[in-house]
Amino acid sequence: MRIAVVHDWLDTWGGGENVLAEILRVYPQADLYALVDFLPEALRQRLSGRRARTSFLQHVPGARRHFRLLLPLFPRAIESLDLLPYDLVVSSSHAVAKGVRTTPSQLHICYCHTPMRYAWDLRDAYLRPRGLTTGVRGALVNRVLDRLRDWDRASSTRVTHFIANSQFVRDRIARCYDRTAEVIHPPVDTDFFTPGDTPATRDYYFAASRWVPYKRIDLVAAAFRALPERRLIIAGDGPEADRVRAAAGNNVELVGHVPREKMRELLRGARAFVFAAEEDFGILPVEAQACGTPVIAYGRGGARETVRDAADARATGVLFDAQSEESIVDAIHRFEALQVPIDLTNCRANSLAFSAPRFAAELIAFIERTRREFVAATR
């Protein structure tokens, strides 16, 4: 059986790339495809040195730094990939990977991280900070995104079966594509993210993510202005850097992008991990729990599936109900006032439900079952 794995693009490492790495471990014989592959060599080791076969966008001058500006060309580029030789196509998609062209004789399984955020639910969150909601530029950008959304919906029919990374995304797939999906939560490296060998001082709170609008890192920084006695460390970088710096008070330390080992160290030492995004799944809250660290998170999206709220007998954190400074401050106070502090072993135990071996077993079982059904139906 010839297998192709299709990823949107490779230029940095995030939760989607964790999933991709595990898919390639399950199917080491698969050929890898992507729109572009500019992954730094230090990160490529986590794909066992693999390079993707790419689209024509790889060779556009300046693409290494600015390929995202070529968004209107993404549908055409993904459709240009030649996948005819393959029996099974597995797409790992948060944008256009699921839109590859296949034939009725090919089984196409899409692991969907989310329908395209900026074309659907989070368009305003992406455009408003850039001043693109009004005026001529705003009208042009919205026209592009409308056409992209129409293509996204139409190309969803090319997928034989969808896998959603959470119940939250399963519901979005139903709403955007009118398709059903099976939920298989992403893999978390619970062998790497572990509690430390010695007890942590836990004298700071910690937040981390790529600094893009919907992550709301600026809200976390601003909330700690009202908590001057508490210390907050924030890791990450991105286009919202100026906004995050402006929101941060003297009790907030910005440490920029940190390597994986430093991220683990910061998670292990934190009193709690603070997370304000409405995330499709959200891998960092689970990595925090794997390190034995409680989570204070916005109670929508994937966090509702990965964090056990304080009322639970096996609580792993505190959920708050609004993306606001006041709600975050209230959640910190509630966390600190818990009569029974959160048992850190509960955090670790909860994280193991999202381990890489569990992901691999569920993915293999799903694909084998659907392939048997597909072969029987196409005989």
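This one's a predicted model, so the numbers in the text were calculated from it and none came from an experiment. Both backbone and side-chain heavy atoms feed into the values below; hydrogens, waters and symmetry mates do not.
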K.L.:
Ring-plane angle category for F74 and F67, please: parallel below 30°, perpendicular beyond 60°, tilted otherwise.
P.N.:
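The rings of F74 and F67 lie parallel, inter-plane angle below 30°.
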
K.L.:
Applying the side-chain contact (heavy atoms from CB on, under 4.5 Å) criterion to V244, which one of D237, V252, L254 satisfies it?
P.N.:
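Single pass found, and it is L254.
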
K.L.:
Could you tell me which non-hydrogen atom of A235 sits nearest to which non-hydrogen atom of W211, and how far apart they are?
P.N.:
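Scanning both residues completely, I find the closest heavy atoms to be O-NE1, 3.4 Å.
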
K.L.:
Could you walk me through whether H113 and V169 pass the side-chain contact (heavy atoms from CB on, under 4.5 Å) check?
P.N.:
CA-CA 7 Å; H113 305 279; V169 167; over 6 Å; no

K.L.:
Determine the minimum heavy-atom distance between A303 and A297, stating which atoms define it.
P.N.:
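Nearest heavy atoms, A303 then A297: CB-CB, 4.0 Å.
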
K.L.:
Would you indicate whether D203, at its atom CG, is surrounded by more than 12 heavy atoms from other residues, nucleotides or ligands within a distance under 6.0 Å?
P.N.:
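Yes.
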
K.L.:
For the atom pair SG (C112) and NE2 (H161), what is the distance rounded to the nearest 0.5 Å?
P.N.:
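Here the rounded value is 15.5 Å.
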
K.L.:
Answer yes or no: is there a side-chain heavy-atom contact under 4.5 Å between Y177 and V159?
P.N.:
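No; the side chains remain at least 4.5 Å from each other.
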
K.L.:
Do any N or O atoms from the side chain of S91 and from the backbone of V6 form a donor-acceptor pair under 3.5 angstrom?
P.N.:
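No, because the side chain of S91 does not come within donor-acceptor range (under 3.5 Å) of the backbone of V6.
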
K.L.:
Provide the closest heavy-atom pair for A276 versus Q323 in the form atom of the first, atom of the second, distance.
P.N.:
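Distance-wise, the nearest heavy atoms are O-NE2, 2.9 Å.
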
K.L.:
With the side chain counted from C-beta on, respond yes when N165 and T114 share a heavy-atom pair under 4.5 Å apart, and no when they do not.
P.N.:
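Not touching, per the 4.5 Å side-chain cut-off.
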
K.L.:
Quick one, T306 and V295 - any side-chain contact, counting heavy atoms below 4.5 Å?
P.N.:
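No, side chains not in contact.
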
K.L.:
With a 4.5 Å cut-off on side-chain heavy-atom distances among I, L, V, M, F, W and Y, is there a chain of contacts connecting L24 to V100?
P.N.:
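No, no single cluster joins them.
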
K.L.:
Can you measure from CZ (R210) to OG1 (T12) and round to the nearest 0.5 angstrom?
P.N.:
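Between R210 CZ and T12 OG1, I get 7.0 Å after rounding to 0.5 Å.
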
K.L.:
Donor-acceptor pair, D8 side chain versus A95 backbone, under 3.5 Å?
P.N.:
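Present.
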
K.L.:
Can you tell me if R170 and T180 form a side-chain donor-acceptor pair at under 3.5 Å?
P.N.:
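Not at all, the side chains of R170 and T180 share no donor-acceptor pair under 3.5 Å.
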
K.L.:
Give me the atom names and distance for the closest heavy-atom approach of A4 to L83.
P.N.:
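Closest approach of A4 to L83, heavy atoms only: CB-CD2, 4.1 Å.
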
K.L.:
Please check if the side chain of D152 supplies one atom and the backbone of P115 the other of a donor-acceptor pair under 3.5 Å.
P.N.:
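Checked: no pair found.
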
K.L.:
Go through the steps to decide whether V96 and W151 satisfy the test side-chain contact (heavy atoms from CB on, under 4.5 Å), and finish with yes or no.
P.N.:
CA-CA 9 Å; V96 296; W151 175 88; 3.7 Å; yes

K.L.:
With hydrophobic residues grouped by side-chain heavy-atom distances under 4.5 Å, do L148 and L69 end up in a single group?
P.N.:
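Different clusters.
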
K.L.:
From the options E278, E240, E279, select the one residue that forms a side chain to side chain donor-acceptor pair (under 3.5 Å) with K215.
P.N.:
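So, applying the side chain to side chain donor-acceptor pair (under 3.5 Å) to K215 and each of E278, E240, E279, only E279 qualifies.
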
K.L.:
Report the C-alpha distance between K262 and E265 in whole Å, list the side-chain angles of each, state the deciding distance to 0.1 Å, and finish with yes or no for salt bridge (Lys or Arg N to Asp or Glu O under 4.0 Å).
P.N.:
CA-CA 5 Å; K262 181 64 175 178; E265 177 186 334; 3.3 Å; yes

K.L.:
Can you check whether F193 reaches V286 side chain to side chain, under 4.5 Å on heavy atoms?
P.N.:
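F193 does not reach V286 side chain to side chain.
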
K.L.:
Taking the cut-offs as 6.0 angstrom to the six-membered ring centre and 45 degrees off its axis, would you call R264 and F192 a cation-pi pair?
P.N.:
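Yes, R264 lies over the aromatic ring of F192.
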
K.L.:
Using the side-chain contact (heavy atoms from CB on, under 4.5 Å) rule, take R68 and W9 through it: C-alpha gap first, then chi angles, then the decisive distance, then the call.
P.N.:
CA-CA 10 Å; R68 287 175 176 82; W9 53 77; 3.5 Å; yes

K.L.:
Donor-acceptor pair, R304 side chain versus G299 backbone, under 3.5 Å?
P.N.:
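Checking the backbone N and O of G299 against the side chain of R304, a donor-acceptor pair under 3.5 Å is found.
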
K.L.:
With respect to D31, which candidate in R53, R50, R51 satisfies the salt bridge (charged side-chain N to carboxylate O under 4.0 Å, His left out) definition?
P.N.:
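Per the salt bridge (charged side-chain N to carboxylate O under 4.0 Å, His left out) rule, the option paired with D31 is R53, out of R53, R50, R51.
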
K.L.:
Is any side-chain heavy atom of R158 closer than 4.5 Å to one of R101?
P.N.:
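Yes; the side chains approach each other to less than 4.5 Å.
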
K.L.:
May I ask whether L266 and V274 are part of the same hydrophobic cluster, defined by side-chain heavy atoms of I, L, V, M, F, W, Y residues being less than 4.5 angstrom apart, directly or through others?
P.N.:
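Cluster IDs for L266 and V274 differ.
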
K.L.:
Apply salt bridge (Lys or Arg N to Asp or Glu O under 4.0 Å) to the pair D150 and R147, showing each step before the final yes or no.
P.N.:
CA-CA 5 Å; D150 292 342; R147 296 182 66 178; over 6 Å; no

K.L.:
What closest approach, in Å, do T194 and D191 show between heavy atoms, and which atom pair accounts for it?
P.N.:
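Residues T194 and D191, closest heavy atoms: CG2-O, 3.4 Å.
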
K.L.:
Which one of S92, S155, S93 satisfies the side chain to side chain donor-acceptor pair (under 3.5 Å) criterion with K98?
P.N.:
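Going through S92, S155, S93 one by one, the side chain to side chain donor-acceptor pair (under 3.5 Å) with K98 is satisfied by S155 alone.
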
K.L.:
Any side-chain heavy atom of W13 within less than 4.5 Å of one from N18?
P.N.:
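Side-chain contact under 4.5 Å: yes.
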
K.L.:
Between R348 (side chain only) and T190 (backbone N and O only), is there a donor and an acceptor less than 3.5 Å apart?
P.N.:
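Confirmed, R348 side chain pairs with T190 backbone.
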
K.L.:
Is it the case that the side chains of R202 and T293 hold a donor-acceptor pair, with the cut-off being a distance below 3.5 Å and no angle test?
P.N.:
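A donor-acceptor contact under 3.5 Å links the two side chains.
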
K.L.:
Can you list everything that forms a salt bridge (charged side-chain N to carboxylate O under 4.0 Å, His left out) with R175? Sequence neighbours excluded, please.
P.N.:
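With sequence neighbours excluded, R175 shows a salt bridge (charged side-chain N to carboxylate O under 4.0 Å, His left out) to D121, given in chain and number order.
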
K.L.:
Determine yes or no for a side-chain-to-main-chain donor-acceptor pair under 3.5 angstrom, with Q29 supplying the side chain and I3 the backbone.
P.N.:
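No: the side chain of Q29 does not pair with the backbone of I3.
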
K.L.:
Using atom types as modelled and distance alone, determine if a side-chain donor or acceptor of R179 lies under 3.5 Å from a backbone N or O of I173.
P.N.:
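Not at all, since once roles are kept as given, no pair shorter than 3.5 Å links the two residues.
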
K.L.:
What orientation do H185 and F281 show, parallel under 30°, tilted 30 to 60°, or perpendicular over 60°?
P.N.:
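Taking F281 first and then H185, their aromatic rings sit tilted (interplane angle of 30° to 60°).
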
K.L.:
Transitively linked via ILVMFWY side-chain contacts under 4.5 Å: Y111 with L10?
P.N.:
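They do share one cluster, since a chain of ILVMFWY contacts under 4.5 Å joins Y111 to L10.
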
K.L.:
Calculate, to the nearest 0.5 Å, the distance between atoms CD and CE belonging to E261 and M263 respectively.
P.N.:
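If I round to the nearest 0.5 Å, the distance is 11.0 Å.
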
K.L.:
Okay, side chain of E22, backbone of V19: is any donor-acceptor separation there less than 3.5 Å?
P.N.:
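Not a single qualifying donor-acceptor pair exists.
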
K.L.:
Please check if atom CZ in R371 has more than 12 non-hydrogen atoms from other residues, nucleotides or ligands closer than 6.0 Å.
P.N.:
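It does not: R371 CZ has 12 such atoms or fewer within range.
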
K.L.:
Would you say R358's side chain and A353's backbone share a donor-acceptor pair under 3.5 angstrom?
P.N.:
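Looks like yes, one N/O pair under 3.5 Å.
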
K.L.:
In Å and rounded to the nearest 0.5 Å, what is the OG1 to CG distance from T316 to N350?
P.N.:
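CG of N350 is found 5.0 Å from OG1 of T316.
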
K.L.:
If we ignore angles and hydrogens, is there a donor and acceptor under 3.5 Å between the side chains of R308 and N346?
P.N.:
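Side-chain D/A pair, R308 to N346: absent.
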
K.L.:
Should we count CZ of R2 as having more than 12 external heavy atoms under 6.0 Å?
P.N.:
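Yes, enclosed.
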
K.L.:
Which atom pair, heavy atoms only, marks the closest approach of V329 to A226?
P.N.:
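Taking every non-hydrogen atom into account, CG2-CB, 4.0 Å.
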
K.L.:
Is there side-chain contact between R334 and I296, with heavy atoms separated by less than 4.5 Å?
P.N.:
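They are not in contact (no side-chain heavy atoms under 4.5 Å apart), so the answer is no.
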
K.L.:
Same cluster or not: are L344 and L284 linked, directly or through other Ile, Leu, Val, Met, Phe, Trp or Tyr residues, by side-chain heavy atoms under 4.5 angstrom apart?
P.N.:
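No; tracing contacts between hydrophobic side chains, which count when under 4.5 Å, never links both residues.
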
K.L.:
If you measure from CD1 on I234 to CZ on F206, what distance do you get to the nearest 0.5 Å?
P.N.:
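The CZ atom of F206 is 9.5 Å from CD1 of I234, to the nearest 0.5 Å.
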
K.L.:
Do the non-hydrogen side-chain atoms of I342 and C347 ever get within less than 4.5 Å of each other?
P.N.:
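Yes, their side chains come closer than 4.5 Å.
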
K.L.:
Working note: E287 + F273, criterion side-chain contact (heavy atoms from CB on, under 4.5 Å); need CA distance, chi angles, decisive distance, verdict.
P.N.:
CA-CA 10 Å; E287 291 173 345; F273 180 74; over 6 Å; no

K.L.:
I'd like to know if the side chain of D309 reaches the main chain of A311, judged simply by a donor and an acceptor atom lying under 3.5 Å from each other, with no hydrogens or angles considered.
P.N.:
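A pair under 3.5 Å: no.
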
K.L.:
Distance check, rounded to the nearest 0.5 Å: L70 atom CG versus R76 atom CZ?
P.N.:
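Here the rounded value is 12.0 Å.
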
